[in-house]
2 protein chains.
Amino acid sequence: MPTRSDAPRERILAAASDLFGRQGYSPTTIAQIEQAAGLSPGAGGLYRHFGSKRDLLEQVLTRQLDEGPDLGAFLSSAGDSGSYRDQLLAVARAALRRLEHERDLNRLLVRDLSAAPELLALVRDRELRTVHRGLTRWLEQHRPGGRLPAAEVATVLMGALSHYWILADVFGGEHPFGVSEEEFLGTLAEMAAAAP
Amino acid sequence: MPTRSDAPRERILAAASDLFGRQGYSPTTIAQIEQAAGLSPGAGGLYRHFGSKRDLLEQVLTRQLDEGPDLGAFLSSAGDSGSYRDQLLAVARAALRRLEHERDLNRLLVRDLSAAPELLALVRDRELRTVHRGLTRWLEQHRPGGRLPAAEVATVLMGALSHYWILADVFGGEHPFGVSEEEFLGTLAEMAAAAP
DNA sequence: CGAGTCTATAAGTAAGCACTTACTTACGGG
DNA sequence: CCCGTAAGTAAGTGCTTACTTATAGACTCG
């Protein structure tokens, strides 16, 4: 939560990130952001810190990309002990946490970035491909056997996890298929562990 | 393509579905829809057929839900011959085609429906759960063995397929991981076939 | 104290928005 | 042939939007 004592620039960024994430870019008004940041709504105080609404979106995005916790942290959270299945389970669980942690970024990606190719490329290079490459290498190093190509397996795993999170997020936290997180994660780990 | 000779109501629905899908609900203006439907933009001719912009969204959505091809069609496209892996491959390929066929509906779901609980529930009950239940039953009937719960396996498969499609769609057709559709589908089928 | 800078606001502006009203045209049935 | 209805448009209404300008308080450093 941004408090009035924080730097105003930071308060505005946090408020904008939250509102863009919850309502989307277009329906969110400058006045709403100002109010949420503790400025008087509609007075235009936001423009002391950002050149335009579009500029603000850009900064919200790059801030999330910069602050994103390092990939190693969440991959190493699996530990090196336990069965391959259990390590996969830990990684998958950490991935869901990361998706939630970068919630606003993920929402913006699927909702509002289609018409902004440069921002799209930014997220692709600094988030999506980074995670995908990290998971691919993790698979190459940790799985026994390994006939299937690691990059494709990583795509399947990331897809299943991301889509589970997206659907739960869109539906307010409750996944529409009635499949609990634990059941889902367990089955996903089982399937990946059984893959040749 | 809607032509001027079509019923005006149908032309407007098609134009709105396309524009809502491409740009999102909020940034799309009534004038744009009128122009795309062959009416004079900004003249308000759209309101001869729909009560409000929100009403139009509702009708676009229910039309897509009504016109959605029956589930049996795409599940039975797998045929009953060939290895389980090959049947899975055929179903997965058909699923990607279905996602593309219901493109605008899928885009609206993740983009613009968060703030419309009734429409969200409509899509959940008439599309998402229907497909999930259909795939679950298909798995129960076709796969050999089957220790893992079918509903969870179906969630994993639908998630991987949907997310692959969403990412490719957001990035203009080119999946950001550089994983081709064939490689992806092959690996997915392999993994699901190997699952116990 | 006092000059300069940062921060905020009051009060706008011009454009864009969903939507309305009043009027015209086309057409099919009695 | 006229009347009712459907379809379309010109011209607006009132509101909201992103963004601007002018002004004033507060803080830092001399």
Side-chain angles (χ1 to χ4, degrees), chain A residues 1-61 63 108 111-113 115-116 118-119, chain B residues 1-61 63 108 111-113 115-116 118-119:
Chain A
M1 281 296 159
T3 72
R4 179 166 278 270
S5 64
D6 289 335
R9 188 191 154 81
E10 207 53 37
R11 269 161 36 211
I12 295 172
L13 278 173
S17 182
D18 177 56
L19 286 167
F20 285 164
R22 286 218 317 269
Q23 309 181 335
Y25 174 77
S26 184
T28 298
T29 71
I30 299 290
Q32 276 183 318
I33 299 170
E34 286 171 336
Q35 187 157 45
L39 304 186
S40 83
L46 184 146
Y47 292 96
R48 295 278 144 196
H49 307 275
F50 300 93
S52 67
K53 190 183 178 183
R54 165 62 194 254
D55 174 49
L56 175 58
L57 170 66
E58 214 167 305
Q59 312 243 18
V60 162
L61 223 90
R63 196 187 65 134
L108 279 173
R111 266 192 195 160
D112 297 296
L113 258 46
E118 337 77 59
L119 302 185
Chain B
M1 281 298 161
T3 72
R4 179 164 279 269
S5 65
D6 290 334
R9 187 191 154 81
E10 207 52 37
R11 270 163 33 213
I12 295 173
L13 278 172
S17 182
D18 177 56
L19 285 167
F20 286 164
R22 285 218 318 269
Q23 308 182 335
Y25 173 76
S26 185
T28 298
T29 70
I30 298 290
Q32 277 183 319
I33 299 171
E34 286 171 337
Q35 189 158 43
L39 303 186
S40 83
L46 184 145
Y47 292 97
R48 296 275 149 200
H49 306 275
F50 299 93
S52 68
K53 191 183 177 183
R54 165 63 193 253
D55 174 49
L56 174 58
L57 170 66
E58 215 168 303
Q59 312 243 18
V60 162
L61 222 88
R63 196 188 65 133
L108 279 173
R111 264 192 196 159
D112 298 296
L113 258 46
E118 336 78 57
L119 301 185

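What you are looking at is a predicted structure, and each value in this text was computed from that prediction instead of being measured. Protein chains get the first letters and strands the later ones, always in sequence-line order, with residue 1 at the start of each.
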Where do N or O atoms of nucleotides 18-20 of chain C meet protein N or O atoms at under 3.5 Å, pair by pair?
unit_1, atom_1, unit_2, atom_2, d
C:dA18, OP1, B:T28, O, 3.3
C:dA18, OP1, B:K53, NZ, 3.0
C:dA18, OP2, B:I30, N, 3.0
C:dC19, OP2, B:Y47, OH, 2.9
C:dC19, OP2, B:K53, N, 2.8
C:dC19, O5', B:Y47, OH, 3.4
C:dT20, O4, B:A43, O, 3.3

In short, salt bridge (charged side-chain N to carboxylate O under 4.0 Å, His left out) pairs touching residues 27-42 of chain B with sequence neighbours left out are none

- Any side-chain heavy atom of B:L119 sitting closer than 4.5 Å to one from B:L108? no

Result block: side-chain N/O donor-acceptor pairs under 3.5 angstrom for residues 12-24 of chain B, not counting sequence neighbours:
unit_1, atom_1, unit_2, atom_2, d
B:S17, OG, B:D104, OD2, 3.1
B:D18, OD1, B:R22, NH1, 3.3
B:D18, OD2, B:R22, NH1, 2.6
B:Q23, OE1, B:T28, OG1, 3.2

Worksheet entry | side-chain contact (heavy atoms from CB on, under 4.5 Å) between A:L61 and A:L113, worked out | CA-CA 10 Å; A:L61 223 90; A:L113 258 46; 4.1 Å; yes

For residues 35-46 of chain A, the salt bridge (charged side-chain N to carboxylate O under 4.0 Å, His left out) pairs (sequence neighbours left out) are none

From CG of A:L46 across to P of D:dT17 the rounded distance in Å is 14 Å

- Could you tell me whether the side chain of A:I33 reaches within less than 4.5 Å of the side chain of A:L56, counting heavy atoms only? yes

5' to 3', nucleotides 22-29 of chain C under a 4.0 Å protein heavy-atom cut-off (B base, S sugar-phosphate only, - none) gives B-------

**Message:** Using side-chain heavy atoms (C-beta onward) and a distance below 4.5 Å, is B:K53 in contact with B:E58?
**Reply:** no

Side-chain atoms of residues 38-52 of chain A: list all donor-acceptor pairs with protein atoms under 3.5 Å, sequence neighbours left out, distances to 0.1 Å.
unit_1, atom_1, unit_2, atom_2, d
A:S52, OG, A:D55, N, 3.1

Quiz item: Is A:H49 near enough to C:dC6 that one of its side-chain N or O atoms lies under 4.0 angstrom from OP1 or OP2?
Solution: no

- [ ] Output yes when at least one side-chain N/O atom of A:S40 is less than 4.0 Å from OP1 or OP2 of C:dT9, else no.
- [x] yes

Rounded to whole Å, the CG-C1' distance (B:L39 to D:dA10) equals 14 Å

Here the distance between atom C1' of D:dT16 and atom CD of A:E34, to the nearest Å, is 14 Å

Those stems involving DNA chain D that have three or more consecutive Watson-Crick or G-U pairs, both distances under 3.5 Å, are C:3-28 with D:3-28

B:I12 CD1 to D:dT9 C1', in whole Å, measures 14 Å

